[in-house]
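Read through the structure below, which is laid out as structure tokens, and then see the notes.
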Amino acid sequence: MVVLAKPPALDQISLVRSPEPGGGSPFPGVPAVDLCSPGAALAVVDACERFGFFKVVNHGVPAGVADMLEAEAVAFFARPQAEKDASGPADPLGYGSKRIGRNGDMGWLEYLLLAVDQGSAVSKASPVPSSSLRDAVNEYVGAVRGVAASVLEAVAEGLGVAPRDALSRMVADAASDQVFRVNHYPPCPLLQRLPDSCSVTGFGEHTDPQLVSVLRSNGTAGLQLALRDGRWVPVPPDRNAFFVIVGDSLEVLTNGRLKSVRHRVVANSLKPRVSMIYFAGPAPAQRIAPLPELLGHGEQGLYRDFTWGDYKKAAYRSRLGDNRLDPFRI
Ligand SMILES: C=C1C[C@]23C[C@@]1(O)CC[C@H]2[C@@]12CC[C@H](O)[C@@](C)(C(=O)O1)[C@H]2[C@@H]3C(=O)O
Ligand SMILES: O=C(O)CCC(=O)C(=O)O
Ligand SMILES: [Fe+2]
């Protein structure tokens, strides 16, 4: 047996095996959908059923909106540690470094986690380090929540659910629980001392609890997703697209027809990765149960009744990699 000596800086961070090529059917690549094209609704549902993941292209959000936020984020993460720590520790909101959540998960990253108001502005409760960063987040979130709404409308239409806003209105609700996160994965030169088959965990494998998450990153690779057969595949970065991730709540609302997707980020030895993710969650009182149109006559839902508030509370007690839906399955 080969025993790997981990450099001390990585002591508490797990190593991951790099995806191995071969086995299973070949991954045809991440589906790309133009939400304005004819057939978009069916393409969205097909991608969500097969992968729980796709990318939105030709989305109409000006590149400058994301670039401005990325520049602000890079400037913030370059500040002295003590200044960044003044916006933390993340519990759950604010600046966090290496620790993810409250239950011992660790990754090679630092981040800012913020709550978003209905006016798509960062909520007053979130510790935002500067007014220029706040302005950039507000402008970006204002645009990206429109993408999330269009995706949820396409899902409803593609599944034949009426009205078309049956899902998107859960996120538009005045009390909806929207979260925004900027992750910075610094280069991890220590990786070069590990065998090629090994990587360092940036963000450990997990599913997102919300309905959908909309992710945009810079051009640095690292995101991977688990295919339905359990194989991990890398997602080529595309700074001009938004990646959409199906979350646990959408899985339940569609009675398992769309399944949430496990994903993770591995560290890069040379280049920093910056990602920004908008998590579209419903109001705490929202009942998360299969939409009646998606249940056949007399068919039972696969999950016991719960509200988003119940689920979020349970999620925050879980470890990142736990299968959080399991206790809710009938
Ligand atoms: C370990 C954890 C971090 C997390 C809360 C949790 O207890 C389990 C879910 C995690 C997750 C994953 C998706 C999002 O990044 C996130 C903000 C969320 O809503 O659920 C994180 C939570 C977090 O980092 O606080
Ligand atoms: O940083 C990334 O690319 C993905 C992070 C992620 O999955 C998350 O924050 O939930
Ligand atoms: Fe995630």
Side-chain angles (χ1 to χ4, degrees), residues 13-34 43-57 59 100 105 107-109 147 151 155 181 183 185 187-188 191-192 194-210 212-248 250-251 254 256-279 320-325:
I13 301 180
S14 339
L15 301 181
V16 273
R17 195 175 279 285
S18 298
E20 282 152 23
S25 52
F27 176 51
V30 176
V33 181
D34 174 346
V44 165
V45 167
D46 181 61
C48 291
E49 284 184 329
R50 288 165 63 209
F51 304 111
F53 191 88
F54 63 96
K55 66 180 185 180
V56 178
V57 294
H59 43 69
I100 301 173
D105 291 287
W108 186 259
L109 87 166
V147 174
V151 166
V155 169
R181 164 169 222 144
N183 291 326
Y185 303 87
C188 182
L191 253 175
Q192 287 162 342
L194 299 173
D196 280 353
S197 56
C198 257
S199 269
V200 167
T201 298
F203 204 113
E205 67 170 279
H206 65 284
T207 59
D208 292 348
Q210 294 82 359
V212 286
S213 318
V214 182
L215 179 153
R216 187 265 183 195
S217 77
N218 67 353
T220 302
L223 181 64
Q224 302 181 346
L225 61 95
L227 300 181
R228 302 302 188 206
D229 64 9
R231 268 181 309 144
W232 284 95
V233 291
V235 175
D238 180 350
R239 49 184 298 125
N240 299 314
F242 290 114
F243 291 93
V244 175
I245 300 171
V246 171
D248 298 336
L250 191 57
E251 170 168 336
T254 61
R257 182 148 163 205
L258 311 187
K259 291 201 170 45
S260 58
V261 57
R262 289 182 90 74
H263 53 285
R264 68 185 183 193
V265 177
V266 295
N268 189 294
S269 64
L270 298 173
K271 294 193 293 175
R273 174 177 166 88
V274 178
S275 58
M276 18 223 217
I277 309 116
Y278 166 78
F279 301 94
L320 191 56
D322 286 351
N323 190 327
R324 279 174 279 283
L325 270 183

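Along the sequence shown, residues carry numbers from 1.
Here CG of Asn183 is found 5.0 Å from CG of Leu109. Values are rounded to the nearest 0.5 Å. How far CZ of Phe54 is from SG of Cys48: 5.0 Å, rounded to the nearest 0.5 Å. Between the CZ atom of Arg17 and the OG atom of Ser197 there is a distance of 6.0 Å, given to the nearest 0.5 Å. Remark: Leu320 CG to Asp105 CG distance equals 4.5 Å, nearest 0.5 Å. Atom OG1 in Thr207 sits 6.5 Å away from atom CG in Asn323 (nearest 0.5 Å). Annotation: the span from Ile277 atom CD1 to Ser217 atom OG amounts to 9.0 Å, rounded to 0.5 Å.
Of all the heavy atoms in Trp108 and Pro187, the pair that sits closest is NE1-O, 3.4 Å. Among all heavy-atom pairs drawn from Ala241 and Lys55, the shortest one is CB-CD, 3.9 Å. Minimum heavy-atom separation, Ala32 to Val57: CB-CG1, 4.1 Å. In terms of heavy atoms, Pro237 sits closest to Gly219 at CG-O, 3.2 Å. The nearest pair of heavy atoms linking Pro209 to Asp248 is CA-OD2, 3.6 Å.
Using a distance-only test at 3.5 Å, with no hydrogens or angles considered, a donor-acceptor pair links the side chain of Asn218 to the main chain of Val274. A donor-acceptor distance shorter than 3.5 angstrom exists from the side chain of Arg216 to the backbone of Arg239, with no hydrogens or angles considered. His59 places no side-chain N or O within donor-acceptor distance of the main-chain N or O of Asp34, the cut-off being under 3.5 Å.
Phe51 has its side chain within reach of Pro28: a pair of non-hydrogen atoms, C-beta onward, lies under 4.5 Å apart. Within the 4.5 Å cutoff, side-chain heavy atoms of Asp238 are placed close to those of Phe243. Using a 4.5 Å cut-off on side-chain heavy atoms (C-beta onward), Ser269 and Cys188 make no contact. You'll find the side chain of Leu15 reaches within 4.5 Å of the side chain of Val200, heavy atoms only. Glu205 places none of its side-chain heavy atoms less than 4.5 Å from the side chain of Val16. Within the 4.5 Å cutoff, the side chain of Ile245 has no heavy atoms near those of the Phe279 side chain. At least one side-chain heavy atom of Arg273 sits less than 4.5 Å from a side-chain heavy atom of Leu223. Residues Arg257 and Val45 have side chains in contact (heavy-atom distance under 4.5 Å, counting atoms from C-beta outward).
Aromatic rings of Tyr185 and Phe203 (six-membered ring for Trp) have centroids beyond the 6.0 Å cut-off, not under it.
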Exercise for the section: Determine, stepwise, if the pair Val155 / Val44 fulfils side-chain contact (heavy atoms from CB on, under 4.5 Å). Expected result: CA-CA 6 Å; Val155 169; Val44 165; 3.8 Å; yes
Practice task
Run the numbers on Leu227 and Phe27 for side-chain contact (heavy atoms from CB on, under 4.5 Å), then give the verdict.
Solution key: CA-CA 8 Å; Leu227 300 181; Phe27 176 51; 3.6 Å; yes
Practice task
For Trp232 and Arg262, run side-chain contact (heavy atoms from CB on, under 4.5 Å): C-alpha distance rounded to whole Å, both residues' side-chain angles, the deciding distance at 0.1 Å, then the answer.
Solution key: CA-CA 9 Å; Trp232 284 95; Arg262 289 182 90 74; 4.1 Å; yes
Practice task
Please step through side-chain contact (heavy atoms from CB on, under 4.5 Å) for the pair Val266 and Gln224, ending with a clear verdict.
Solution key: CA-CA 8 Å; Val266 295; Gln224 302 181 346; 3.7 Å; yes
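Taking a cutoff of 4.0 Å between a charged side-chain nitrogen and a carboxylate oxygen, Asp322 and Arg324 do not qualify as a salt bridge.
With no hydrogens or angles considered, no side-chain donor-acceptor pair links Thr220 and Asn268 at under 3.5 Å. For the residue pair His263 / Asp208, a side-chain donor-acceptor distance below 3.5 Å is found, with atom types taken as modelled.
Of the listed residues (Glu49, Arg50, Glu251), just one forms a side-chain contact (heavy atoms from CB on, under 4.5 Å) with Leu258, and that residue is Glu49. For the side-chain contact (heavy atoms from CB on, under 4.5 Å) with Val244, the qualifying choice from Val151, Leu215, Val261 is Val151, the only one to do so.
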